[in-house]
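Throughout, a chain's letter reflects where its sequence line sits, starting with A, and its residues are numbered from 1.
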Amino acid sequence: MNARTSADLEAVLTSLEAPVRLVFFTQTFGCDSCLSARRIVDRIASLSDHVTVEEFNLVLDTDQAAAYGVQRAPAIAVVGETDVGIRFYGAPEGHELVSLVDAIALVSSADSGLSDDSRARIAAVDQPIHIQVFATPT
Amino acid sequence: MALESAYITASAIAAVEYPDLVHQYRVTGVPKTVVNDRTEILGAEPEASFVAHVLESIA
C-alpha cells in the first residue's frame, strides 16, 4: 500500500476492519512536538471508528512506559490484536504520517503484505531484532 | 517484519526531533536504518534486499 495524499490516508483509515489502539506517550515539560503529535493522533482517530487513542505521561505513568518499552516522548505504539512492537517517535508529519497510517493499516489487517520468500526467512528468526528507521518529514 | 515475528520490533524515529540519537547512530542522511545497533542500511531498498540486510544483523 502506498498511501500518499490526504484523501488517500483518509480512505485507508475509513476502510479499516479491525481495531487499532494508538498508545500515545507525552510529557508535560521539554517536549515541543508533543502537542502536534497529540493533534495528529486525535485526527487519525476521528477518521476511523476502529482507531482509539490512549494517552499516558512518560514521566508519571512509568509502568505503562516500561510495558511498552518507551523511553522518549512523543511516542506512539501501534497496537492491534497484539502488540507486535511497532513504535513511532516524534510528531508524525509528512512522510512519517504516511508511514504511520500504513502501519495502522498493516496492524489492523495483521497482514504484513510481504512476499512468501520474505515471510519464510523471517519465520526462521530465533533471536531479538530491533529495527530503527530514521526519517524526516520531507 | 515486526508483524511476521515476535522477535522483531520496529521503531520509526523523526530524526529532527532526536539529535542525540542522530549523533549516536551517525545519521547523515535519511532514510537510515539501524538494526540491533549494528547493521546499517542507507536509503530505501527493495523488500528482498532489505529483509536480507536486516537478517544479517543476527547472522
For A:Ser109 and A:Leu106, work out which heavy atoms get closest and say how close.
-> OG-O, 3.0 Å
Structural part of A:Ser99 lying under 4.5 Å from a heavy atom of chain B | neither
For chain B, the option from A:Ala123, A:Ala77, A:Ala91, A:Gly69 that forms the most heavy-atom pairs under 4.5 Å | A:Ala91
Under 4.0 Å between a Lys/Arg side-chain N and an Asp/Glu carboxylate O for A:Arg72 and B:Glu17?
-> no
Backbone N or O of B:Val22 within a donor-acceptor pair of the B:Lys32 side chain at under 3.5 Å?
-> no
Interchain contact, B:Val27 with chain A, by part (heavy-atom threshold 4.5 Å) | side chain
Check whether A:Ile40 and B:Ile13 end up in the same hydrophobic cluster, where Ile, Leu, Val, Met, Phe, Trp and Tyr are linked by side-chain heavy atoms less than 4.5 Å apart.
-> no
Between B:Ile58, B:Leu55, B:Val35, which residue shows the highest count of heavy-atom pairs closer than 4.5 Å to chain A?
-> B:Ile58
Cut-off 4.5 Å, heavy atoms of chain B, and the answer for A:Glu96 is side chain
A:Arg121 with B:Glu4: basic N within carboxylate O range, under 4.0 Å = no
To the nearest 0.5 Å, tell me how far B:Glu47 CD sits from B:Met1 CE.
-> 9.0 Å
Does any heavy atom of chain B fall under 4.5 Å from the side chain of A:Ala73, the backbone, both, or neither of them?
-> backbone
Specify which of A:Asp111, A:Val107, A:Asp126 makes the most heavy-atom pairs with chain B at under 4.5 Å.
-> A:Asp126
Let me know if B:Ile41 has heavy atoms under 4.5 Å from chain A in its side chain, its backbone, both or neither.
-> neither
Heavy-atom distances under 4.5 Å only: say whether B:Ala2 touches chain A with side chain, backbone, both or neither.
-> both
Chain B contact via A:Pro74 - side chain, backbone, both or neither, heavy atoms under 4.5 Å | both
Would you confirm whether the ring centroid of B:Tyr25 sits within less than 6.0 angstrom of the ring centroid of A:Phe134?
-> yes
